[in-house]
Amino acid sequence: MATSALVVPGQVLGNLSTHRAGPGTHVYENNILASIIGRSIVTPADKGQSGSSKAVISVPRPGTSPSATKTANALPAVGSTVLCRITRVQQRQITASILVVDPSPQDVTSYTRITDDDLQFQAVLRREDIRTHEKDKVVMNDMYRVGDIIRAVVISLGDERNYYISTAGNEFGVVVATSDAGNAMVPASWREMKDVVTGQGESRKVAKPS
Amino acid sequence: MSDRRRLNGPAGTTSPPVFTPSTGSAISPQYRSRKPNELRKIFLQTGVVPSATGSAYLELESPPRSRSTVLNTSSTIKLSCSVHGPKPLPRTASFSPNLQLSASVKFAPFATRNRQGYVRDSTERDIGMHLENALKGVIIPDRWPKSAIDIAVTVLEGEDDQIDGDRIVGVGLVNMLAGCINVSMAALADARVDCLDLLAAGVGAIVAGPEKPLRILDPASIEHEAILASCLVGYLPSRDELVEVWTNGSSSTQGANAGISFDEMLDSAVAAARGAQTVIKEVLVEALTKTKGGTKKLSHDHMNDVEMKT
Amino acid sequence: MPSIISPLSPDPSVPASAMPLISPNALLYAHLKQSPPRRPSSRTPSEPRPIQLNVGSLAHCNGSSLVKIGATTIVCGVRAEILPVTEIPSFRITKAGASYTPTAPVVRDTRYQGDTEKDNKEEDEGEYSPISLYNLVVPNIELATGCSPRHPANAAPSTEAQSISQRLLSLLHTSQLVRSSDLEIIYTPPAQAEDLELGIDTDPQLKAYWTLYVDMMCISHGGSVFDAAWLALYAALKDTIIPKSWWDADLEQVLCSAEVADARKLSLRGIPVPSSFGVFVPEKRVLGQDGHQDPYWVLMDTDGFEEEACAETGCITVDAGGGKGSSLILRIEKNGGSNVGVEEMVNMVTLAERRWQQWKTVLDAALSNS
Amino acid sequence: MPSLASSLPFSPAELAYLHTSLASVPPLRPDARSLGTDFRPLRAETGVLPAVNGSAHVGFSDGREAIVGVKLEVEKTAGKKSVHGPIRTEDGVVDMDVDVDIEDQYQGGRHSAKGKQEWVTLSLTLPGLRDDDPNLAFLEEMLREPLAVASSTSTSTSTKPSEMGSTTSLQDNLVINSRWHWHIYIDVLLISPNGLASYPLPLLSMATHLALRDTRIPRLKSEGEEDPVADDDWMASTYLYPRGKASSGVVKPPVILLVVVVGENAIFDPSREELAVADGVVAVSVAAGVDDGDPCKVLAVRMIDTPARDTMKGVPQSGEAPEGVDVPGVWRPRLGGVKRSILKAVVKSVVVDGVARDVISGLDGFLNLEAGANAGSMAAV
Amino acid sequence: MALTEPPKAILHTLLKADGSATYTAPKNGYQVVAGVNYPVEVPYRSDEIPESTFIEVNLRPHNGVGMVKERHMEELVTRTLQTIVLGDETPRTMLQITLQVVNVESDESLPGGVKGGGQGETYLDLLASALNAAVLGCVDAGVQMKAIAGAALVGICPDGRMVVGPSVVQRKKCASLHVFAFTSDSQTVLMESEGKFTMDDWKQAERAARSAVLGSVNKQDNGDVTMNGTNITSGSSGNCLLDVIRQALEARVIKGGNR
């Protein structure tokens, strides 16, 4: 198959004996068929992987780098990092709506994507998943406030309404916050963010800027 | 008909105009100018609704009618479809590891000769169920767990149907469903939803031919006196599988007498489906090449325009 | 979309591409802050989007149109149905020569002197135009067609749909677009001799009205839906043909001739053209860093994204075709904020007139080749 | 019918077991029915409702029941001249819907003897389900469709108004004269423990079949173009579907059979377990041949969504198998549709192998063809 | 042009509601009763706004049930209140306002049997009264607002004359109708004009409405107004809308006590 031929769902791309199926394809009677329209890409198998040495055929979705396994408006999977906006802070848990899955600098999201809270997937951050140490002495209001943008990792598909996320670990926590005075805030330490205008500090669980 | 959430017409009931048989141009029923196995020209375009995940606009054109009379009969079909997903499940849904697909069909009030109301009636719900059944057969549901996808088809112009009265029944409805399946598949492909194959729908029919019944593809109900039996299939070409079958009209078995058997009618419908699929595949591939590298999703200033053929 | 370093968080791990999702307000501010101010859709604040128009493409309608303004697509169909006068509750026909005079004392203008003089005379509808009294023109917009994620398919009409329908109806009535004389079906009994002795009057009687159902389906919701809906309604009414109709005395019924040659067009009064605008006010948290003084921008013809970020919105409907020097304003609406006052309105009217010219050229082009 | 909340969803292991047993040749059915074409016993009776023209009550062995009532009313045909809507004389109800018939030139005089589809109204009610539920609309359409289909392909239209000719459909027999016709109302009531999840289509179609066979049309004292006046002597009324002595030359209403495709096998009268693992579900409406020798005719075929698509995936012991490789004995939700060849075989088995004829003749057993007692349980065919 | 006859406003006319008011338009036009409940639990989780107050307005016309026209007016009143109500003070709560039209000046000149207020009639006349009643209700319920808003209806007759608060018959004869709503710090929060008019007509109408709502232009420079009811500077002897509201407040606070 030409490396970047235009394919349509149902088009045979290769055989299971010679290739492995990547994203955007499915298998039927040990043939690999395309499952979306796009350009089929054959990426040689990198030796390091324990898997078999066969090349991977995949049909990437627009707006994502060919190698990235995720899709443009992908679904959060277990282990993917997500950016969420906090909508509700309760005693035992925090509800947030998932905005971006696996944020990477190259992917380009259209500016017309609608960001209403009720149209996004909902996630729940339980009290004991907020941080790794002193799990029981967590004071919710010192960790997160409504309206903060946090970076977290999905730990389970959860029940029919919510995914379960966790911010245990330094690189997870608040990324963008607004102070009570309504100004933007800049991270000051791992436990505190400082108001840009008034300089007044507020306590948050801050994500370590990478 | 006081619908509280819409502007209502006059208090009394209005009725469609009654036309007198105009002397000069009594319209002779147009006979089919197409060959028995020739489909109507398909005009398809994707990406008509930028804010949807995927969308498509389909038009089945019929040879241009003389517009000499106000009451012109046309067998063109114009459909628009938009796909929204993957969306979070509604609150009432139960847990499911698969993608929940819901499809619906709505006639525009001006789509048919008799004005349709805004509230969905049983014909639209029936076609909606058919469409949902066909599309559930083509998607791969476990790729997107715990999410829902909404497919909404709007019928802008329906085929004129021989049988008068306010319900569209007969071949007009079957052609409408075939159009809905094809436009939904194009929209799903545009939305990059994982599908097994490029599903296509085709209609085969048995018509009262000059001496013995005739088998034709893509029948337009205006062009035939009596349509004895019609058969619609939703067909997966690469798997040679049928996800949707809807036949009505009696077909005898195994050609016991001069009648055409069920199997032959099914094969003619599959041939019609294959023909439709090649056209749709061309348009999708050409739409892809027009937007190099498939970044069509992001460029918003240039909109591939939608012209509606008269 | 120009890649901009988000003013909010220098943290590179939050990619610029996520900005529109995290804070649309900040993104719009970052674009407008540049000089000259540009919008994410690379338009200047006062630049409207191009309009595309197709007319007369639906078979089962008396008149139809398709309008595309940027990402907003609306298909409009006009259906004419007959409303016999007997169906109107409490309707009394008076004998007077005027086509109809419900018992209201208002005498409509004299109607039947020569027709030619009527065409250009901007005669008025009088207070009790039958169109608004008996709902003879019924505009309705349907947004539940899956035209945007916020409008799911097959839901009951949302508040936005009802608001747009009501605004269309008000503009239709106040601009007196449709002449009620176009919608009347008059019957003049043949003046045989014996009728006079029996006292049967041979004056023209009004037997029925034409009712125009104007249905608009919003295929794609891309902001400023009211503008596109009104322009679609206008183009469809312009394209509408009313078949020749007469009252059949013995059948007690209105019959029509199916000939297009006999049919007639509607003569519409003036060309009202609405142009919507939004007023963008950056949030305090975004402003805090720059201390920018000029807090708001007026964006003409807002698209879906900008409409979401502007709390204060409005619309000006002008008709610059009057030829009486300064154009006539038909409707001004503004709500949701307190930034725009009388002064800004003045230059916005000039922008509205420019939009009027833009629509005029598009309309003439479409009508000429349809 | 999507799998509404069936009472107890099956586990992947159960589904795998059921699928392999049903896919084997010959199919091993969970309720030990020997052949794929065996039917479960059902009990039925006709003439159960007093104030109707025809009625039937059918019950299946798994507790589902259907009661059907058929009523006929005289209605004015909306001809060219009618101005203000038909007035129903039978029970004095003035029906004001303005039914102005459009005299279309391109229609030609084609529909003089033919009936209109609107004269047949079928409504299905299931307590507990909203009446605008798409599934009810789908079922109503499925039941009404074959009735409207001319029962044979030859195009000659018989002119005998009320006697069931061999070539006309139901609505053609409702014509009284050019100005009046009968309007037939078929009301179906379904009583079922797990709602529509048990695909009640065959039960409903058999009940409708028996009710229509039991329907009697009052004899008209008026002739020709006069306004219809009915003879109130019930014994003088004739059957809508006349019952000839021998079963030849007699047209019967259609019956809908539900066929489940598992692997290569076609399985009839599927129970809940068999439906749960179906690769495809096909509903075939069949009309019996006019005289004995004739094979049955297929009136309508519809494919229905199979509940096996929305099920959980089984996890093999030996860890996740690469996608697409089928581990025997591990359930995988069904993808795609039914092979074309298998579908043709299914329709052929319904019509040619005589399953339809057995079912229809079996149903005759319930009708007291002569007279007298009606209850009679139908032995397994 | 001074207001001929001031509107009437009475606070706390209902007992059970958190706040209530009755507003009667001049020339005994519309009379609207507003019932306000604030702050209340938001019924549907999807309507809840995490950082602000959800405002819901229900408008009941005098005859029959609310149709499309009433939905549009509710939307306009809601958006106007959103500009003046400090929503962030009480996040995730609801401000519910119910407006009931109790009296309408009947229009005898309508052709026999045709009731006024039909679908084809304008909605601007009721909009001004509804907005004033809503603001009065919020004031009585103690809703936290950054300013008070008032609206006035102005009609322009074919001969160019400005009529503030036209009666039903006058409205029928007007070439154009205008509704303007101003906050007490003299910003315009709502403009609704329909009919045929030029730019200077519109400016004149705006000035007339402004003086009807805010009183004459030369307010004392520090913005506050002498509370003795007779506002000499405005020379309009206290019959501009803000004065009416102020008098109603005095009646409620000083004389009425907590009735």
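Every chain is numbered from 1, with letters handed out A, B, ... down the list of sequences. Everything numeric in this text was worked out from a predicted model, so none of it was measured.
Both the backbone and the side chain of S193(E) come within less than 4.5 Å of a heavy atom in chain C. Only the side chain of T159(C) comes within contact range of chain E, with heavy atoms under 4.5 Å apart. In this structure, no portion of V318(C) lies under 4.5 Å from any heavy atom of chain E. Proximity to chain E is absent for every atom of A161(C), based on heavy atoms less than 4.5 angstrom apart. With a 4.5 angstrom heavy-atom cutoff, V349(C) touches chain E only via side-chain atoms. In this structure, the portion of L76(E) lying under 4.5 Å from any heavy atom of chain C is its side chain and not its backbone. Contact annotation for F182(E): neither backbone nor side-chain heavy atoms come within less than 4.5 Å of a heavy atom of chain C.
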Given the rule in the side-chain hydrogen bond (donor to acceptor under 3.5 Å, both in side chains) test, do T174(C) and E194(E) qualify, once you have shown the distances and angles that lead to the verdict?
CA-CA 6 Å; T174(C) 46; E194(E) 62 181 31; 4.9 Å; no
The test is side chain to side chain contact (heavy atoms under 4.5 Å, CB included); show your working for K69(E) and Q162(C) and say whether it passes.
CA-CA 8 Å; K69(E) 185 160 60 167; Q162(C) 293 178 53; over 6 Å; no
Can you check side chain to side chain contact (heavy atoms under 4.5 Å, CB included) on N335(C) and E192(E), steps first, answer last?
CA-CA 8 Å; N335(C) 48 61; E192(E) 283 276 337; 4.0 Å; yes
Start with the C-alpha distance between T313(C) and R79(E), add both sets of side-chain angles, then the distance that settles side chain to side chain contact (heavy atoms under 4.5 Å, CB included), and finish with yes or no.
CA-CA 10 Å; T313(C) 58; R79(E) 291 171 66 88; 3.0 Å; yes
Run the side chain to side chain contact (heavy atoms under 4.5 Å, CB included) check on F197(E) and L330(C) step by step: do they pass?
CA-CA 7 Å; F197(E) 51 94; L330(C) 293 161; over 6 Å; no
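Side chains of V189(E) and S338(C) form a contact here, defined as non-hydrogen atoms less than 4.5 Å apart.
One finds the CE atom of M199(E) at 7.0 Å from the CD1 atom of I316(C) (value rounded to the nearest 0.5 Å). The OG atom of S175(C) sits 6.5 Å away from atom NZ of K196(E), with the distance rounded to the nearest 0.5 Å. Atom CE of M191(E) and atom CD1 of I332(C) lie 7.5 Å apart (nearest 0.5 Å).
Listed here is the closest heavy atom pair of H72(E) and S163(C): ND1-OG, 3.2 Å. Between I329(C) and T198(E), the shortest heavy-atom contact is CD1-C, 4.3 Å. Residues K334(C) and T188(E) share a closest heavy-atom pair of NZ-O, 2.7 Å.
With respect to chain E, the highest number of heavy-atom pairs below 4.5 Å among E333(C), R167(C), E160(C) belongs to E333(C).
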